[in-house]
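For reference, the structure is listed below as structure tokens.
Note that the structure is predicted; figures quoted are calculated from it, not measured. Basis for what follows: all heavy atoms, side chains included, without hydrogens, waters or symmetry-related copies. Throughout, a chain's letter reflects where its sequence line sits, starting with A, and its residues are numbered from 1.
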Amino acid sequence: MDKVKLALTILSIAILVVPLMVMVYLNRDNLIGIVLPTQNNSQMDFERITEKFQEIEPNLVRQPEFFPQNKSYILAFNFTNPLLENITVEAVSAQVFLQDRNMLLSNITLDHPLNILPGQSAIVAVSGALTDEAITYLKNSYSELNTVEATLQNIDIQISGVHVHLDKLPSEAPITLPIGGLA
Amino acid sequence: MREINWFGLAAGIIMLVMLAASFFLPWWQLTVGAGLMRINASPIATTFDLLGEQFLIPIIFAINISTILLFIVAGALMLIYSLLPTKSYSKHLLSFSYKKPIYVLISFIAVLLIMNAVASFLGVNFPVMGSTTFNFPQQLAFGSGVEVSTSMTAEFMLPFWLALAAAILCVIARLYHPRLTSKKTTANPTSIVQSTST
């Protein structure tokens, strides 16, 4: 019965060693490739994948809409999903500041979560009302103007469980806010 | 009546069921966010999902192939042994097969804990079980004024628990084996008398 034991020992060694030897042989021209991630038999392109993630940057699609009756705004952003999986825009919030004076005008938030299919775009609308202080200031200081320049700060976005906080938008370009009909 | 090592039989069946299940579910899964990244870890099939794209590491793939073959052989030999536990070669079959799930299970847990320790040393604290929040370091090229955090959830899945059950049953089968061989000896006392008289 030592033959049985010997055969099983040889079998164990073969099972452990042969697949590794085959893998080393297949990657004999580039041994470091054995320990690097591969996709479809070629090395993974991490740069391409992380670039996709960085493409998830919202863009303002049109001028914000102002509703004088309740002193509120709606800002519409375009989100495009460059990934191969669904993403859910779970929460968006930001503070709108008057550019000239860095005064808080409004807090804006997403009304409800939005699911975006792979490769698709969606319009994400965030809304908020002017603060009482902002209303008073704008009436007193900007009564003759129909628009003011504003910036978005303290932007919080939650997408598919990943929370991103931006102190300000990367583009730093001001947003033109209509205030016509405020007085 | 033929003796059967029922514990070994159960262990062999569970080993093969576990092997089949491992092709569909990992032993351990780490999910980052709501699925933007997943690590599906298993001695049978280890894959990584990143933003919907799946990839693997060749050397781990080779180890996975070895483990698949090991479990196929160990499961089959455990079943053969269990049905014929008193044959002269059966102890060798048992000796080969009962250790394999134990070795693989211990190695898997050890690698997981080592990876967890190394990741913690590098500043990435991922859970082995349960959930936690991970804050990406600022120097990960997100730029100043940008903070990114995400939830990470880890869990052991069904194939892991089946492997654990198989390993426990393998140990019990090994401990039960002497009872089967002693039963065979006491069932045939005349052979002992004949052998001592000659």
Check: B:S151 side chain, B:T133 main-chain N or O, donor-acceptor pair, under 3.5 Å: no
Side chains of A:I179 and A:N146 in contact at under 4.5 Å (non-hydrogen atoms):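 When only atoms from C-beta onward are counted, A:N146 and A:I179 do not touch, as no gap falls below 4.5 Å.
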Proximity breakdown for A:I155 and chain B, heavy-atom pairs closer than 4.5 Å: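 Neither part.
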Closest heavy-atom pair and its distance - B:W27, B:P159: CD1-CB, 3.5 Å
Heavy-atom pair of closest approach, residues B:N64 and B:A45: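 Scanning both residues completely, I find the closest heavy atoms to be OD1-CA, 3.5 Å.
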Region of B:L93 in contact with chain A, defined by heavy-atom distances below 4.5 Å: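 For B:L93, heavy atoms of backbone and side chain both lie under 4.5 Å from chain A.
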Under 4.5 Å from any heavy atom of chain A - which part of B:K100: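 The side chain, not the backbone.
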Residue, of B:S149, B:S95, B:A34, that accumulates the most heavy atom pairs under 4.5 Å with chain A: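 Between B:S149, B:S95, B:A34, the count favours B:S149.
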Residue, of A:A14, A:S12, A:P19, A:P118, that accumulates the most heavy atom pairs under 4.5 Å with chain B: A:P19
Contact winner vs chain B - A:N27, A:V24, A:V18, A:V35, heavy-atom pairs under 4.5 Å: A:V35
Residues forming a ring pair (Phe, Tyr, Trp, His ring centres under 6.0 Å) with B:H177, sequence neighbours excluded: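 Partners of B:H177 under the ring pair (Phe, Tyr, Trp, His ring centres under 6.0 Å) test: B:Y81.
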